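Report on the following structure.
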Amino acid sequence: QELADNSEILNIPHCVEVIDIWNTMAPGQRTGSEMPRPQEPKKRPRPNRSDLLAHLVQTLQSRLPDDWKTRLEAEARSESSLDALLWLTAAQGETAELVVEAKSRVDPKDVAGVIDQCRRWSQGRPCLLTAPYLGPRTQELLKESGINWADYTGNLRLSLDSPAVFLEAQGASSDPWSIARPVKSLK
């Protein structure tokens, strides 16, 4: 009777369902494993190339001074081309042109390939990598190589000499889209 009184106080339909199920069980059956469990919230889908590029522009526009301009031109995607060109123009008219590389996933082991790709397409222009998530070690390797980055979770580093700009922000510290991998035996 005490549980029924609490359910009336809470006035939550799910609690009433749980209490009704609990009350119909014999005391020896009440282990808790039979209780309805709330469903896990669905994860957002991993951002695609278009999402990454749009988010990059939005992030930069929100962090740069209001009188700066940003322009992005996405390239037709092929395996042998860059993803986009980004122009940042300061209030005085000074412009930086950056090569943008968008990746669906970048781990520390992938950084050397990203660096090679950026150097191949940049022709002396600064390079910026965007991805759904870039972990701390990946960020460290990119920083050592002089590659700028912005991920979908808010991790950001943009360092340019001309026009002079330095932006740095910390986003997620773990990948919100990670998939649990099964543990493999060494046997």
Side-chain angles (χ1 to χ4, degrees), residues 42-181:
K42 290 186 178 179
K43 284 188 174 184
R44 294 179 300 173
R46 194 170 192 89
N48 62 29
R49 178 178 173 260
S50 298
D51 296 334
L52 293 170
L53 295 174
H55 187 264
L56 170 63
V57 170
Q58 179 185 13
T59 298
L60 293 175
Q61 287 175 338
S62 70
R63 294 189 177 272
L64 289 168
D66 291 337
D67 52 0
W68 282 51
K69 294 184 176 115
T70 58
R71 190 180 93 202
L72 180 94
E73 285 185 16
E75 301 289 321
R77 188 69 183 132
S78 76
E79 289 302 314
S80 61
S81 70
L82 53 93
D83 287 307
L85 291 173
L86 173 70
W87 289 270
L88 300 177
T89 305
Q92 303 83 5
E94 194 174 7
T95 300
E97 182 179 352
L98 291 90
V99 171
V100 178
E101 187 59 38
K103 298 285 188 191
S104 61
R105 183 179 180 103
V106 181
D107 293 317
K109 65 180 174 52
D110 305 317
V111 171
V114 169
I115 293 166
D116 288 343
Q117 205 168 10
C118 281
R119 288 190 179 138
R120 185 175 35 234
W121 298 110
S122 69
Q123 299 172 345
R125 298 170 287 192
C127 188
L128 188 146
L129 171 67
T130 185
Y133 173 74
L134 298 167
R137 179 66 181 141
T138 301
Q139 293 175 35
E140 183 182 321
L141 293 169
L142 291 169
K143 182 178 178 180
E144 290 170 3
S145 301
I147 306 289
N148 298 289
W149 69 82
D151 76 18
Y152 205 79
T153 72
N155 292 305
L156 168 69
R157 181 178 169 85
L158 178 64
S159 179
L160 300 174
D161 293 331
S162 180
V165 63
F166 181 78
L167 299 174
E168 193 167 60
Q170 187 174 3
S173 59
S174 63
D175 187 350
W177 295 280
S178 68
I179 299 169
R181 296 180 182 164

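FYI, side chains are in, hydrogens and waters are out, and symmetry mates aren't considered; it's all heavy atoms of this structure. The shown structure was predicted, so the numbers you read here are calculated from the model rather than taken from an experiment.
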Task: Validation row: Lys69, Trp87 side chains within 4.5 angstrom (heavy atoms) - done: no
- [ ] Give the minimum heavy-atom separation between Trp177 and Asp175, together with the two atoms involved.
- [x] N-OD1, 2.8 Å
Open item on the list: For the OG1 atom of Thr153 and the NE2 atom of His55, what is their distance to the nearest 0.5 Å?
Closed with: 8.5 Å
Open item on the list: Between Thr138 and Asp110, is the side-chain contact (heavy atoms from CB on, under 4.5 Å) condition met? List the steps.
Closed with: CA-CA 9 Å; Thr138 301; Asp110 305 317; over 6 Å; no
Task: Gln117 side, atom CD; Asp83 side, atom CG - distance, nearest 0.5 Å - done: 7.5 Å
TODO: Could you tell me whether Arg137 and Glu140 have a side-chain N and a carboxylate O separated by less than 4.0 Å?
DONE: yes
Task: Heavy-atom side-chain proximity of Pro132 to Leu52 below 4.5 angstrom - done: yes
- [ ] Would you check if the side chain of Arg46 reaches a backbone N or O of Ser104 as a donor-acceptor pair within less than 3.5 Å?
- [x] yes
Task: Closest non-hydrogen atom pair between Ala91 and Asp67, with its separation - done: CB-OD2, 3.1 Å
TODO: Can you see which heavy atom on Ser145 is nearest to which on Arg119, and at what distance?
DONE: O-NH2, 4.2 Å
Task: Pairwise distance CG(Leu88) to CZ(Arg71) - rounded to 0.5 angstrom - done: 11.0 Å
TODO: First locate atom CZ of Arg120, then atom SG of Cys127, and finally report the distance between them rounded to the nearest 0.5 Å.
DONE: 11.0 Å
- [ ] Specify the closest pair of heavy atoms between Ser122 and Val99, including all atoms of both residues, with the distance to one decimal.
- [x] CA-CG2, 3.5 Å
TODO: For Tyr133 and Ala172, work out which heavy atoms get closest and say how close.
DONE: CE1-O, 3.3 Å
TODO: Over all heavy atoms of both residues, which pair between Ala164 and Trp68 is shortest? Give the atoms and the distance, please.
DONE: O-CH2, 3.9 Å
Task: Donor-acceptor pair, side chain of Asn48 and main chain of Ser50, under 3.5 angstrom - done: yes
TODO: Using the side-chain contact (heavy atoms from CB on, under 4.5 Å) rule, pick out the option among Leu72, Leu158, Leu60 that qualifies with Leu98.
DONE: Leu158
- [ ] Could you tell me whether a side-chain N or O of Gln139 sits under 3.5 Å from a main-chain N or O of Leu134, the two making a donor and an acceptor?
- [x] yes
Task: 4.5 Å side-chain heavy-atom contact, Leu142 and Arg157 - done: no
Open item on the list: Please report the interatomic distance OG1(Thr59) to CG(Asn155), rounded to the nearest 0.5 Å.
Closed with: 11.0 Å
TODO: Using a 4.5 Å cut-off on heavy atoms from C-beta on, say whether the side chain of Ile147 contacts that of Val111.
DONE: no
Open item on the list: Would the distance check show the side chain of Thr130 and the main-chain N or O of Ala150 forming a donor-acceptor pair, the cut-off being under 3.5 Å?
Closed with: yes
- [ ] For atom CG of Asp161, decide whether the heavy atoms of other residues, nucleotides or ligands shown that lie under 6.0 angstrom number more than 12.
- [x] no
Open item on the list: Around atom CD of Gln170, are there more than 12 heavy atoms from other residues, nucleotides or ligands closer than 6.0 Å?
Closed with: no
Task: Any side-chain heavy-atom pair of Thr70 and Leu56 under 4.5 Å - done: no
Open item on the list: Measuring from atom CG of Leu167 to atom CG of Asn148, what distance do you get when rounded to the nearest 0.5 angstrom?
Closed with: 9.5 Å
